[in-house]
Amino acid sequence: MFIDCTKQFIMPGLVDSHVHIIGDTLLKPLFPADLESGLADEKRQLLAYLANGVTTVRSMSTPLQTYREDSVLRIRDEVARREYPGPRIFAANKILDGKPKNFLAVAFDTPEEAVAYVQETYDKGYDLVKIYTGLPLDQFEAVIEKAQELGIPTAGHFPVRVDFEYGLKKGFKSIEHLSGFDFALSEEPLNEDPFKNYLTGYEYATKEKVDALAAMVSRYDIFVTPNLVINEFFIPRFERSFITEETASSRYQSELFKTFDVEKTGLFTESFLCIFAQTKGVRKYLVKKLQEFGVKLLAGTDAGLPNVVPGFSLLTELELLAEAGLTAYEVLRAATIHGAMFFNKHDDFGTIRKGASADLLLLGANPLLDIVNLRKQIGVMTRGQWFLHEELMSMLDREYPIVD
C-alpha cells in the first residue's frame with residue numbers, strides 16, 4: 001500500500017482513556033433476547049472513534065454487561081479479528097462498589113468476596129478493575145493488593161471512605177474525573193453519598209492548597225484523567241434553555257440520547273449542575289498544576305453518555321486541556337503514549353517506532369503548532385488497516401441518517 005503523505009503530518013493514533021461502549025441500553029433495559037439489536041447500537045459508535053482518529057479506547061464498564069455478561073469482551077475480540085471496524089478496546093469488568101451499590105455495579109460484604117471478584121475479572125480476560133466511590137476501606141485495600149498480585153491495573157472513582165494520600169500510597173493506578181481531589185480540599189465532614197458532596201470541596205480551594213495537593217500527588221505513581229468535557233453531560237436546565245442549535249456531532253447518537261434529560265435521573269439536582277458549571281476554573285487550574293508537577297495525565301471523556309459523543313468529544317477534551325494551560329505536546333502525550341503506559345504497552349501503541357502496532361493518524365496541519373489541527377484529518381490507520389477520513393464519515397452518516 002502506498003499513501004502519499006507529502007506535506008502532511010503523521011502521529012500516533014489517539015487514545016480515549018475513559019469511554020463507555022453503550023447505546024440505547026443506558027436508557028432502555030436490554031433483555032437477552034434483544035442482544036443483537038442492542039449490540040448494533042454499540043457497534044456503530046465504534047465508527048465515530050475512528051472517524052476522529054481514535055484508535056484505542058479504555059472501556060470503563062457498560063450497562064450492556066448488566067444484561068448480558070461479558071458482551072464487551074465479545075465486541076473487543078470481534079474488532080480485534082476485524083469483523084467490523086473499530087478501535088482497539090481495553091475493557092473493565094462491572095464496577096466494584098460498596099453498599100448501597102450503584103445500580104450498574106457489584107458489591108460484596110467482605111474483602112474476601114471482593115478479592116474473588118478481582119480474580120474472576122482477571123480469569124475472564126478483562127484488562128482492568130474499575131473501582132467506584134462507595135468502596136469501603138477494607139475492601140479497597142484487599143482489591144488493590146490482589147490486583148497488584150495479578151498484574152492487572154485499577155482505575156475509577158476515588159473512594160470517599162479512603163484517605164486520599166493513603167489510597168495513592170497503596171497503589172491505586174488511575175483516578176477518573178478528578179474524583180477525590182474535591183474531598184481532599186474540603187473542610188467539611190464528608191457525606192458518603194457521592195452525589196451529595198461531589199465537588200463541594202472545591203469551594204474551599206485556594207491557589208496554595210491546590211498547589212500543595214498537586215505536589216503531593218506527584219510523589220506517587222498515579223495517572224489522572226481530568227475529563228473536562230463531561231460538562232457537555234451536566235448542562236443545567238437554565239443553560240439548556242439558551243441552546244438554539246445542536247452541535248454537529250450531536251447527530252451521531254441515538255434518538256433516545258438526543259432527548260435525554262440528566263435531571264430526570266434523580267441523581268443530580270439543579271444546584272449540583274450549577275456547582276459543576278461554576279467549578280470549571282478550579283478544575284482547569286488543578287489540571288495545569290498536576291501537569292507542572294509531572295503527574296501523568298490521561299485524555300478521557302466519558303464518551304457514550306448522552307451528549308458526550310464518541311470520538312468527537314475527545315477532540316474537544318484535548319482543546320480543553322490546552323485551554324487549561326498544557327502545551328500541545330503535553331496534550332498529545334496525554335492522548336497517546338500515556339494511554340499505552342497505563343497498560344505497560346508503550347512499545348506497542350501510542351508511539352511510532354519499529355515493531356509497534358500501525359496505529360497512525362494523518363493530518364493536513366501540524367498539531368504541535370495548534371491542537372485544533374487535530375480536526376484536519378486526512379485518514380487513520382488502525383493496526384495496519386487504512387481508512388480515509390471522508391470514507392469513515394460517509395459510513396457514519398449512513399449509520400445515523402438524518403430524520404426529518
Side-chain angles (χ1 to χ4, degrees), residues 1-19 46-58 79 85-90 223 225-226 228-229 249 287 291 296-301 303 309-393 396:
M1 177 187 296
F2 174 78
I3 302 171
D4 186 0
C5 301
T6 305
K7 296 183 179 180
Q8 296 169 356
F9 298 83
I10 297 177
M11 62 169 284
L14 299 172
V15 181
D16 190 332
S17 290
H18 193 119
V19 312
L46 301 180
L47 278 174
Y49 290 111
L50 294 184
N52 288 276
V54 180
T55 56
T56 299
V57 298
R58 190 176 63 164
V79 170
R88 174 193 288 103
I89 298 170
F90 290 93
F223 292 81
T225 311
L228 299 175
V229 77
S249 65
V287 169
Q291 176 62 56
K296 294 185 290 295
L297 298 179
L298 296 173
T301 60
V309 184
F312 296 90
S313 57
L314 183 63
L315 300 184
T316 302
E317 175 72 11
L318 301 185
E319 291 162 6
L320 290 172
L321 291 174
E323 287 180 16
L326 274 66
T327 67
Y329 175 77
E330 291 165 345
V331 171
L332 293 174
R333 189 169 55 183
T336 54
I337 190 67
H338 281 182
M341 289 172 64
F342 174 80
F343 290 105
N344 196 30
K345 292 185 176 293
H346 41 283
D347 289 333
D348 184 22
F349 68 96
T351 186
I352 300 176
R353 66 176 71 181
K354 185 177 180 179
S357 178
D359 292 346
L360 305 171
L361 179 56
L362 184 63
L363 302 170
N366 189 348
L368 289 171
L369 298 180
D370 191 335
I371 206 67
V372 175
N373 288 336
L374 283 174
R375 297 186 181 273
K376 300 176 182 178
Q377 298 187 13
I378 296 168
V380 62
M381 180 175 285
T382 172
R383 286 158 293 175
Q385 188 174 12
W386 171 250
F387 297 92
L388 284 170
H389 177 71
E390 291 180 356
E391 174 188 5
L392 288 167
M393 288 304 300
L396 198 58

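The analysis underlying the following values was restricted to heavy atoms, covering all of them including side chains, and did not include hydrogens, waters or symmetry mates. Quantities reported herein were computed from a predicted structural model and do not represent experimental measurements.
The structure places CG of L314 at 4.5 Å from CG of L318, a figure rounded to the nearest 0.5 Å. The distance from atom OH of Y329 to atom OG1 of T336, rounded to the nearest 0.5 Å, is 8.0 Å. Of the inter-residue distances, the one linking R58 atom CZ with T225 atom OG1 reads 5.0 Å to the nearest 0.5 angstrom. Here CZ of F343 is found 12.0 Å from CG of D348. Values are rounded to the nearest 0.5 Å. The CG atom of L47 sits 11.0 Å away from atom CG of N52, with the distance rounded to the nearest 0.5 Å. R353 contributes atom CZ, which lies 4.5 Å from atom CG of D347 (distance to the nearest 0.5 angstrom).
A48 approaches P310 most closely through the heavy-atom pair CB-O, 3.4 Å. Listed here is the closest heavy atom pair of L50 and V380: O-CG1, 3.4 Å. The heavy-atom pair separating L361 from P12 by the smallest distance is CB-O, 4.1 Å. Shown here for L368 and A328, the closest heavy-atom pair between the two residues is O-CB, 3.5 Å. Heavy atoms only, all atoms of each residue included: G300 and D16 are closest at CA-OD1, 3.3 Å. The two atoms that bring P87 and L46 nearest to each other are CD-O, 3.7 Å, heavy atoms only.
Annotation for K296: atom NZ counts as buried by contact number, over 12 foreign heavy atoms lying within 6.0 Å.
Every residue two or more places apart in sequence or in another chain that forms a side chain to side chain contact (heavy atoms under 4.5 Å, CB included) with Q8 is listed here: C5, L362, I378. Under the side chain to side chain contact (heavy atoms under 4.5 Å, CB included) criterion, E319 pairs with I371, V372, R375, sequence neighbours left out. By the side chain to side chain contact (heavy atoms under 4.5 Å, CB included) test, I337 is found to be paired with R333, M341, H346, T351, residues two or more places apart in sequence or in another chain being considered. Take F223 and apply the ring pair (Phe, Tyr, Trp, His ring centres under 6.0 Å) test, not counting sequence neighbours, and it matches F342. Here T56 pairs with V15, R88, F90, F349, D359 under the side chain to side chain contact (heavy atoms under 4.5 Å, CB included) rule; sequence neighbours left out.
Side-chain N or O atoms of E317 include one that pairs as donor or acceptor with a backbone N or O of V229 at under 3.5 Å. Side-chain atoms of H389 come within 3.5 Å of backbone N or O of A51 as a donor-acceptor pair. Of the possible polar contacts, one joining the Q377 side chain to the G53 backbone as a donor-acceptor pair under 3.5 Å is found.
Residues N373 and L363 form no side-chain contact, since every pair of their non-hydrogen atoms from C-beta on lies 4.5 Å or further apart.
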Pair I3-M381, side chain to side chain contact (heavy atoms under 4.5 Å, CB included): steps then yes or no: CA-CA 11 Å; I3 302 171; M381 180 175 285; 4.0 Å; yes
Side chain to side chain contact (heavy atoms under 4.5 Å, CB included), that's the test. Do Y49 and V19 meet it? Break it down for me. CA-CA 10 Å; Y49 290 111; V19 312; 3.3 Å; yes
Quick one: do L374 and M11 satisfy side chain to side chain contact (heavy atoms under 4.5 Å, CB included)? Show the steps, please. CA-CA 10 Å; L374 283 174; M11 62 169 284; 3.5 Å; yes
Could you go through the side chain to side chain contact (heavy atoms under 4.5 Å, CB included) check for L298 and H18 one step at a time? CA-CA 9 Å; L298 296 173; H18 193 119; over 6 Å; no
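Note on residues 379-391: no pairs pass salt bridge (charged side-chain N to carboxylate O under 4.0 Å, His left out), not counting sequence neighbours.
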